[in-house]
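What follows is one structure encoded as structure tokens, with my remarks underneath.
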Amino acid sequence: MAENVVLCGANSYEEKYYFNRDFDSLPKEVKDELRILCVLYTEDIGGILLLEFDPEGTLSFKVVSDPGDYLFDEIGSALKIKQYQTEKRELLESLELYYRTFFMGSGKGPGNGGEDSGL
């Protein structure tokens, strides 16, 4: 069974941002937007945020927090992710199309007709 592929992430405990170098061909503007999204999330909410592709090419938000982290905001986390999914819908869909096209070999995944994503 295939594993998820991490695109990027941020860790509030170590104050670090991670970007998977396999995606270096993404435009600088997209990489910058991903960095801002991840870092702002961890600054506001805490914990660790990962954006990762599942084996079908769907991009998802994975959140992890230390069990003893009483400052982590679970409700705020769910709300912030929902906000990102709404406000950044076009970016997230474009990233899924990019992944399916260049990493999976198919631009016609569920929910997209293979049209130009603008990336």
Side-chain angles (χ1 to χ4, degrees):
M1 187 173 227
E3 292 185 20
N4 289 354
V5 175
V6 175
L7 170 61
C8 60
N11 183 329
S12 69
Y13 306 117
E14 296 179 13
E15 295 184 352
K16 291 191 178 189
Y17 172 78
Y18 167 79
F19 181 80
N20 186 341
R21 294 291 172 207
D22 290 343
F23 298 96
D24 265 346
S25 62
L26 285 170
K28 181 185 180 324
E29 297 80 18
V30 172
K31 292 189 271 188
D32 290 345
E33 192 166 352
L34 290 169
R35 174 177 294 171
I36 291 167
L37 182 147
C38 289
V39 171
L40 283 179
Y41 172 91
T42 56
E43 287 291 316
D44 290 346
I45 306 300
I48 300 167
L49 174 68
L50 299 173
L51 272 65
E52 58 185 24
F53 294 100
D54 68 16
E56 290 79 39
T58 302
L59 185 61
S60 62
F61 292 78
K62 180 178 179 183
V63 178
V64 180
S65 65
D66 286 342
D69 183 357
Y70 300 109
L71 297 176
F72 178 76
D73 184 359
E74 279 189 55
I75 295 170
S77 172
L79 292 172
K80 181 67 79 174
I81 289 172
K82 191 163 199 75
Q83 174 189 350
Y84 285 159
Q85 289 171 329
T86 301
E87 292 177 359
K88 305 292 184 183
R89 190 180 113 244
E90 187 176 318
L91 171 66
L92 299 174
E93 288 174 355
S94 296
L95 288 166
E96 288 177 345
L97 179 59
Y98 168 86
Y99 183 78
R100 289 180 181 130
T101 301
F102 293 104
F103 289 83
M104 297 176 68
S106 167
K108 293 196 184 268
N112 72 55
E115 59 274 349
D116 184 10
S117 69
L119 280 182

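Heavy atoms only: backbone and side chains are in, while hydrogens, waters and symmetry mates are out.
- Residues satisfying the side chain to side chain donor-acceptor pair (under 3.5 Å) test with N20, not counting sequence neighbours, are none.
- Remark: L79 pairs with I75 by the side chain to side chain contact (heavy atoms under 4.5 Å, CB included) rule, at least two apart or across chains.
- None of E87, E93, Q85 except one satisfies the side chain to side chain donor-acceptor pair (under 3.5 Å) rule with R89; the exception is E93.
- Closest heavy-atom contact between E96 and G57: CG-O, 3.5 Å.
- Residues that satisfy the side chain to side chain donor-acceptor pair (under 3.5 Å) test with K88, not counting sequence neighbours, are E33.
- Between the side chains of S25 and Y98, a donor-acceptor pair is found at a separation under 3.5 Å.
- Remark: R21 engages D24 in a salt bridge, criterion side-chain N to carboxylate O under 4.0 Å.
- Take N4 and apply the side chain to side chain donor-acceptor pair (under 3.5 Å) test, not counting sequence neighbours, and it matches E52.
- Across all non-hydrogen atoms, the minimal contact from L92 to F61 is CD1-CE1, 3.9 Å.
- The stretch residues 25-57 participates, sequence neighbours left out, in these ring pair (Phe, Tyr, Trp, His ring centres under 6.0 Å) pairs: F23-F53, F53-Y99.
- The two residues F19 and C8 make their nearest non-hydrogen contact at CD1-CB, 4.0 Å.
- In this structure, L50 belongs to a hydrophobic cluster whose other members, linked by side-chain heavy atoms under 4.5 Å apart, are V6, Y13, Y18, I48, V64.
- In this structure, D54 contributes its side chain and T58 its backbone to a donor-acceptor pair below 3.5 Å.
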